[in-house]
S.K.: 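Here it is: the structure, laid out below.
Naming convention: chains lettered A, B, ... in sequence-line order (proteins, then strands); numbering from 1 in each chain.
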Number of protein chains: 2
Amino acid sequence: MSAPTSRHPTILEVAREAGASKTSVSRYFGGERERLSPALRQRIGEAARKLGYRPNQIARGLKGGRSRLLGMLVADIRNSYSVAVMHGVEQACREQGYSLLVANTGNDPAQERTHLSLLASYRVEGLMINAAGQPTRELQAMAAQGLPLVLVDRWLEELEADRVGLDNALAVDMAIDHLSAQGYRHLLFLSEPVGLASPRQQRWQRFEQRLSEEPALDGERHDPALDGSAVGALLKAFLARAGRPAAVLCANGNVTLAATRALQALGLSLGEVGLLGIDELDWCSLVPPGITTLAQPTETIGRAAVQQLLARLDDGGAALPPRHTLFSPTLIARGSTRLPATDNDKETP
Amino acid sequence: MSAPTSRHPTILEVAREAGASKTSVSRYFGGERERLSPALRQRIGEAARKLGYRPNQIARGLKGGRSRLLGMLVADIRNSYSVAVMHGVEQACREQGYSLLVANTGNDPAQERTHLSLLASYRVEGLMINAAGQPTRELQAMAAQGLPLVLVDRWLEELEADRVGLDNALAVDMAIDHLSAQGYRHLLFLSEPVGLASPRQQRWQRFEQRLSEEPALDGERHDPALDGSAVGALLKAFLARAGRPAAVLCANGNVTLAATRALQALGLSLGEVGLLGIDELDWCSLVPPGITTLAQPTETIGRAAVQQLLARLDDGGAALPPRHTLFSPTLIARGSTRLPATDNDKETP
DNA sequence: TTGTATGCGTTATCAC
DNA sequence: GTGATAACGCATACAA
């Protein structure tokens, strides 16, 4: 006959047990313990412990409007980049006394909409967004309503909001500079379908720009679907066309995986065909002779997102202009961008 | 002068706008739309749309005691197994109309305690737990309070709760059977420090049991820390001791990664030294000649966890005995468990 | 220092 | 069918 759902003691019961008022108990747990007399403080502490009392965040949020909840919208939770960022977000949230409500959209705008209104219904105080694609109406609406938003990695031109992510132009510059310095002359920029994902667009565009500026290099760009055999065919055609020394620049971790698979299937050895991936993955050092990558400071990005959000929350309605925080990648050079020594290569020490 | 935090319209405002009562609006959104007259229904719908009204889950949870929140405690959010399970959990939650509050403990009991009480304070209706190690008092307390719990992957003997995970004995059986069938005779079971993590214990014990039953095989077991060079030294010593054909059985994905690294550093080729890993990782097909794995049905496990939790929620206080749901792995055979042909091996087709 | 009274947005209970 | 009204658990003026 006991309650089917678990019974939590309330502030009132603690008050009764301690022979005090609700207010005092509220103060005890609301960080105003100092204002209570030692005797009362003691009694309340004991009563609470005895009853196993824990303040109900839900009720607390109802009154004060402070849910202490932050939301994060992740485009693909199975993507190691997203998870790594999320890890940073989660740490920062905890340190700041917030909890994190995570929603995975699976790159589907419909799910993004659903999750967005769900998060809204829990009155999250702010939102970190790794958008699925174009900005949904819901997102626009939430921004307009004054809910602090920070766009992570992917951003949306139409949306005035803070942004945190990689300096994509710099990343592509570093990639091209490295490949060029290593002696590769024919470059292929390989991406997942560019669509509306801003990092892909930016990397893609920067690649084009750099190529047009450097006559010593020539290149191609493609953004095939990664499933199926498109990548292999594409690589084969590129290599036939381009002549050597040629290299592939992979726009993200998924592409690196697909390209590595394809190159292997073609029986080509890494290094002889250059390979450089944006995003460091834990197996990149494993595939002989190691895959060169540009590692993103993922945790830092996550933490920065939270920090930015909390800054917005603090300044009240100060309506500061959107702030963009960009981070630099780190080059991890491995064998996949080292040309095998040839007769023409004697000058190399 | 407007509210610094975003203003959400309330049920009362909608009621006024629609010329109706709070009750009717509540009914409209509470799934009792049928009971309203078409005219009223229409008016409320319009008013809500006009105002951008969204029911406040927090207030809703306060009254009804139904937060519509499920919690998940993850031991390591950066572990691809955990993430994959979480993905299943998340999908199932959404399908069932629940939201998911995720907490990462980083395998730290202290953080587990913190997060646990946090989740409790949000009045989650149930908890999925990928425990850090030994059961914390908090966990015991929550279970005692009647909060539905389901242990995922790792379980705790002291805790009477539903369990979902891999059939570890079966997994080790399949691994040993496969290695044996492939001609390996000397086996090394390699694990992360066994400690109190139940899957490691179970796999470890089953390995021991099987080895003791099969005179044709001999083996060793070790659970070194994965950082540093311990794994390499250990492998080297094992191979020197064991004679061939020898194989390594990796107790989880992290171990597979470490073992592969170490084997590579030793200049040993996979297959010649057998390698089989529990947990499929996306790069296992990439490292030549491919790493044989036992893949877990991760998403299924996640969904099963949610299903089990909801079943508990449904049956009220029926206090059914704990239910254990075990799943079978799938063997993905690759080159790392294929012995190179030798003179003694002529009978192989 | 401590307590009283009121309201947060919603649902549940009861009337009409 | 529809609508007042009282909880839900807590925080916060305000009063003592």
S.K.: Applying a 4.0 Å non-hydrogen cut-off, can you work out what Ile58(B) is touching in the nucleic acid: base, sugar-phosphate, or nothing?
M.R.: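 Nothing, no nucleic acid heavy atom in range.
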
S.K.: Where the side chain of Lys63(A) is defined as all heavy atoms beyond and including C-beta, which of dG9(C), dC8(C), dT2(D) is the nearest nucleotide?
M.R.: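 When the side chain of Lys63(A) is considered, dC8(C) is the closest of dG9(C), dC8(C), dT2(D).
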
S.K.: Tell me the interatomic distance from Glu32(A), atom CD, to dG3(C), atom P, rounded to whole angstroms.
M.R.: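 Spelled out: CD on Glu32(A) to P on dG3(C) is 14 Å.
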
S.K.: Of the nucleotides dG3(C), dA4(D), dG9(C), which has the atom closest to the Ser21(B) side chain?
M.R.: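 Nearest to the side chain of Ser21(B) among the choices is dA4(D).
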
S.K.: Tell me: CZ of Arg16(B) to P of dT10(C), nearest whole Å?
M.R.: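 The answer, rounded to whole Å, is 13 Å.
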
S.K.: dT2(C), OP1 or OP2 - any side-chain N/O from Ser37(A) closer than 4.0 Å?
M.R.: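 Checking dT2(C) against Ser37(A), a side-chain N or O does come within under 4.0 Å of OP1 or OP2.
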
S.K.: Hey, is the side chain of Tyr53(A) poking within less than 4.0 Å of OP1 or OP2 on dC10(D), counting only N and O atoms?
M.R.: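 Looking at the OP1 and OP2 atoms of dC10(D), one of them is under 4.0 Å from a side-chain N or O of Tyr53(A).
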
S.K.: Step through the shown structure and confirm whether more than 12 heavy atoms of other residues, nucleotides or ligands are within 6.0 Å of CD on Gln307(B).
M.R.: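 Counting other residues, nucleotides and ligands, CD of Gln307(B) stays at 12 neighbours or fewer.
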
S.K.: Can you find a side-chain donor-acceptor pair between Glu125(A) and Tyr98(A) that sits under 3.5 Å?
M.R.: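 Short answer, yes.
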
S.K.: Do Arg27(B) and dG3(D) have a side chain to base donor-acceptor pair shorter than 3.5 Å?
M.R.: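 Side chain to base: pair present.
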
S.K.: With respect to the side chain of Thr23(A), which nucleotide from dT13(C), dA13(D), dT10(C) is positioned closest?
M.R.: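 Of dT13(C), dA13(D), dT10(C), dA13(D) is nearest to the side chain of Thr23(A).
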
S.K.: Check whether any side-chain N or O of Ser24(A) sits under 4.0 Å from OP1 or OP2 of dG3(C), and answer yes or no.
M.R.: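 Affirmative; the distance criterion is met.
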
S.K.: Report yes if at least one side-chain N or O of Arg60(B) is closer than 4.0 Å to OP1 or OP2 of dT11(C); otherwise report no.
M.R.: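 Yes, such a contact exists.
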
S.K.: Please figure out whether Arg35(A) or Pro9(A) has its closest DNA chain D nucleotide nearer the 5' end.
M.R.: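 By nearest-heavy-atom nucleotide position, the 5'-most residue is Pro9(A).
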
S.K.: To the nearest angstrom, how far is Leu40(B) atom CG from dT2(D) atom C1'?
M.R.: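 So the CG-C1' distance, Leu40(B) to dT2(D), works out to 8 Å.
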
S.K.: Distance check needed: dT10(C) P versus Gln57(B) CD, whole Å only.
M.R.: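 Answer to the nearest Å: 10 Å.
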
S.K.: Nearest-Å distance, CG (Leu12(B)) to P (dC8(C))?
M.R.: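 Nearest whole value for this atom pair: 9 Å.
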
S.K.: Among dC10(D), dG9(C), dT2(C), which nucleotide sits nearest the side chain of Asn56(A)?
M.R.: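 Nearest nucleotide to the side chain: dC10(D).
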
S.K.: Could you state the CZ-P distance from Arg66(A) to dT12(D), rounded to the nearest angstrom?
M.R.: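 Between P of dT12(D) and CZ of Arg66(A): 10 Å.
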
S.K.: Output yes when Glu95(A) and Arg303(A) qualify as a salt bridge under the 4.0 Å nitrogen-oxygen rule, no when they do not.
M.R.: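 A salt bridge links Glu95(A) with Arg303(A).
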
S.K.: Scan Leu70(A), Leu73(A), Leu119(A) and name whichever one has a side-chain contact (heavy atoms from CB on, under 4.5 Å) with Leu127(A).
M.R.: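 So the option named by the test is Leu119(A).
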
S.K.: Send over the distance from Ile11(A) CD1 to dT12(D) P, rounded to a whole Å.
M.R.: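 Going from Ile11(A) (CD1) to dT12(D) (P), I get 11 Å.
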
S.K.: Any ion pair linking Glu46(B) and Arg49(B) (charged N to carboxylate O, less than 4.0 Å)?
M.R.: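 Looking at Arg49(B) and Glu46(B), the cut-off is not met.
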
S.K.: What is the distance, to the nearest angstrom, from the CZ atom on Phe29(B) to the P atom on dT10(C)?
M.R.: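 That distance rounds to 9 Å.
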
S.K.: Please tell me if Ser26(A) has a side-chain N or O lying less than 4.0 Å from either OP1 or OP2 of dC10(D).
M.R.: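 Indeed not, no polar side-chain atom of Ser26(A) lies that close.
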
